[in-house]
Each structure stands twice: as structure tokens, then as C-alpha cells.
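Just follow the structure's listing: the first ligand is 1, and inside any ligand the first atom is 1. Treat the numbers as computed from the prediction; the structure is a model and nothing was measured.
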Amino acid sequence: MKDSTKSIWAGEETSLIGGATQVPIVNSVAYGYQDVTEWENVIRGKAEGYVYGRYKNPTVEAFEEKIRNLENAEAAVSFSTGMAAITNTMFALLSPGDRIVSVKDTYGGTNRLFLDILPRFGIKVTLCETNDHAAIEEEMEKGCNILYLETPTNPTMQISDIARLAKVSHQVGAIVIVDNTMATPINQKPLTLGADLVVHSATKYLGGHADALGGVLCGNTELIQQVYEYRMITGAALDPTAAYSLLRGMKTLEIRIARQNENALEIAQYLQASPYVETVYYPGLQNDHNHELAKKQMTGFGGILSFSLKGGIVATNKFLPKLKFAHLAANLGAVETTIGPITTTSHAECTLEEIREAGISEGLIRYSAGIENVADLIADLEQAFHAVYETTSVR
Ligand SMILES: *Cc1c(COP(=O)(O)O)cnc(C)c1O
């Protein structure tokens with residue numbers, strides 16, 4: 001099956017009940033048994049079945065199966081949010097004294113987990129410059145249990161070479177985890193490039209409609225089982241209603257991503273040519289310093305770009321409310337275009353100090369291209385620029 005077919009058909013069959021063509025939302029918390037031995041066998045994992053909602057649920061399983069297929073993974077386990085997926089994975093796999101090597105430019109929540117929470121449990125975290133592959137390799141050689149990458153990063157769209165870094169990581173015996181939220185399996189398949197685990201905030205592109213929170217981890221059976229057993233106890237399970245929304249959203253994943261790839265590229269090109277724009281980050285641009293690497297490991301450049309305006313934060317704050325076809329909101333990856341300064345979106349969890357420390361311009365704007373008509377989106381940006389720059393002296 002190709003990805004567009006998998007998006008629609010994969011993973012649903014065993015959850016279809018009584019000839020239903022759509023996966024039902026099973027809200028039942030527990031499952032009844034006539035035979036105690038059978039019940040015990042299911043509890044001990046000796047037989048297939050359901051016992052209790054914190055462990056397994058048919059709607060949730062259909063969601064896990066679909067993403068598992070799209071990521072070409074052996075197994076998948078889902079969570080209530082993307083951050084729950086990342087946090088549970090770290091706590092399930094690490095022990096005091098272990099060491100994570102990662103990059104400075106990860107999602108704000110991940111950055112907080114690395115800097116504030118994990119060190120309290122004796123887990124060492126070293127964050128390298130995102131583009132410095134040699135430094136990452138050097139740090140791994142000093143001892144590393146997990147190499148954690150996010151590529152492209154949110155929001156500056158920096159690219160890490162997964163195949164190159166996975167090679168060194170495996171030489172030192174570390175597990176490679178890639179946050180594939182920004183790319184989605186349509187644009188990038190980290191497991192095929194050498195990663196051991198791939199994590200998603202399903203809240204973003206997988207669901208695609210900004211109406212359900214969720215997270216998921218895919219990889220080999222052994223690692224996923226370890227994380228599943230941890231989640232079974234700690235309890236950050238995905239809600240069946242959210243699983244249904246995510247599953248429904250995923251049916252159009254391939255077609256949405258194809259359109260968002262196209263829209264983002266056209267908008268990046270438009271912004272790059274605009275006299276009001278200072279910088280544009282988008283790996284699909286020919287002159288972007290990540291372009292060649294992105295081309296090597298991705299099949300599309302994604303729907304997110306970031307840019308800064310001439311006139312800095314004053315201009316930005318005037319510009320954003322002028323847009324008609326963009327929600328000023330914290331999420332990304334929805335069918336609608338969403339936009340926001342990074343200080344209230346990707347890096348809402350960080351102080352200005354930390355944003356600068358991560359080497360990111362505090363005036364940066366994140367743009368998540370929706371699936372609207374691109375000429376309408378460009379006309380919208382154009383009228384907002386005119387409203388800001390031709391009626392005030394902000395320039
Ligand atoms: C949003 C996001 C997360 C966190 O996901 P939630 O579902 O909001 O918990 C993690 N990583 C990336 C790259 C994200 O964009």
C-alpha cells in the first residue's frame with residue numbers, strides 16, 4: 001500500500017464492529033468476561049482481548065495501527081498528548097545516571113523536560129547546537145543512552161541528518177528517537193533512515209483539524225512494549241473520542257500534506273521576495289542552508305515556515321491581527337492557516353533569555369500553511385503588509 005491508501009485503509013479492520021464501515025468510538029471503561037480463565041489469559045497477555053480502558057481500547061488501537069503502518073514500524077503506543085508521549089518514553093527508558101544528547105532547538109515543552117524535570121531525577125542532558133553534527137557526535141562518544149532529535153525543528157526548520165547521527169549513536173549503544181511531528185510520515189520516515197523510535201504530537205498534522213489532543217510512539221516491539229507497560233501504570237492513555245477524531249483526520253493526511261507542502265513553498269518564495277521581510281526559514285527554498293540535507297532525507301519540505309519582519313516586534317504586533325485567513329493561535333498543522341510569534345507558540349514555555357540562548361530571534365513569526373487556495377493566502381499577506389507599512393512609519 002502507498003501512503004495515501006494506508007491513510008485511509010490501514011489499521012481499521014479489526015476494530016470494525018458488526019459490518020460497520022467506520023471505526024466506532026468505544027467508550028466502555030471495562031470489558032466483561034463469562035470465563036475467568038479467559039479473563040486471566042487476556043490480563044497475562046496470553047490471549048488477545050480487552051480488559052480495562054487504561055490498558056487497551058479498540059478505537060485507540062485502530063489509531064495506533066494506522067500510524068504504525070504509515071511509519072513502517074513493528075509496534076505503536078499512543079498517549080493523551082504529544083508531551084505525554086515524549087515524557088513517558090524518557091521515564092520508561094532511562095534511569096538515574098543515564099545521559100541524553102539532544103539539540104538546543106527542540107519544541108519548547110521538550111526543552112523544559114530536558115532542562116527542568118529530567119535532571120531532578122539524575123538524568124544528564126546535553127544540548128548541542130542544532131546544526132553542529134560533529135559536536136553532537138563528539139558528545140555521544142562521551143557516553144549516551146538516548147540521542148533525541150527533532151527534524152525539522154519547530155519553528156526554525158533546522159534539519160538534522162538522521163542517517164549520519166544514527167550511525168554514531170548505534171556505535172555507542174544509544175537509542176535514537178526522532179520527533180517527526182513537523183514532517184509527518186508523508187514527508188519523512190525516520191525509522192527507514194535508522195532511528196529506533198519515532199514520536200508524534202498527533203494533535204498537529206495527524207489529526208489535522210485542531211480538535212483533538214494526542215501523542216504516539218512507534219518502533220520495534222521490544223521498546224514499545226517497555227514504554228506501553230510504563231504508560232499502563234502511569235496512565236496517560238489516549239481518550240477514545242480523541243482517537244476517533246485523530247483517526248478520521250488521518251484519512252486525509254496524505255492529501256493535506258501534499259497541499260500544505262505546495263502552499264508553504266509558494267508562501268516562502270513570496271515572503272523571500274517581499275521588501276517587508278527580513279529573514280525566511282524554509283528548507284524548501286533553494287538557497288536555504290538546509291535545502292540539500294532536507295532533499296536527501298525528506299520527500300516533501302513540510303507546511304511550516306518562519307520569518308521575521310523589518311521593524312521587529314512593533315511591526316509584527318501590528319501585522320498579525322490584520323490577517324483574515326489565519327488564526328492567531330498556538331497550534332500548527334491544521335487545515336486552517338495559523339500564525340503566531342514564537343514567544344506565544346513554539347516557545348511559549350521559554351523565557352526571552354532562553355529563546356536567545358537557543359540562538360532564535362525573538363521577533364520570529366511561525367506560519368503554518370493551511371490547505372486554503374494559495375493565491376488567497378498570498379493576497380491576505382499582501383493586504384496586511386500594505387496596512388502596516390504604508391499607513392505607518394514602522395519601516
Ligand atoms: C506540539 C508539539 C509537541 C507537543 O505535543 P502536545 O500534543 O501539544 O503535547 C511536541 N513536539 C512538537 C514538535 C510539537 O510541535
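Checked against the 6.0 Å centroid criterion, the rings of Tyr276 and Phe319 do not qualify as a close aromatic pair.
Within 4.0 Å of ligand 1, heavy atoms belong to protein residues Thr81, Gly82, Met83, Ile86, Tyr107, Glu150, Asn154, Asp179, Thr181, Ser201, Thr203, Lys204, Gly214.
Glu129 is linked by a salt bridge (charged side-chain N to carboxylate O under 4.0 Å, His left out) to Lys104, counting only residues two or more places apart in sequence or in another chain. For Glu138, there are no side chain to side chain contact (heavy atoms under 4.5 Å, CB included) partners at least two apart in sequence or on another chain.
Note that Lys318 lies outside the cation-pi zone of Phe385, set by a 6.0 Å cut-off to the ring centre and a 45° limit from the axis.
Here Val103 sits in one hydrophobic cluster together with Val101, Ile136, Met140, Leu147, Leu149, Ile162, Leu165, Val168, Val172, Val176, Val178, Leu193; the rule is ILVMFWY side chains under 4.5 Å apart, joined directly or through other members.
Comment: Asp161 engages Lys296 in a salt bridge, judged by a side-chain N to carboxylate O separation of less than 4.0 angstrom.
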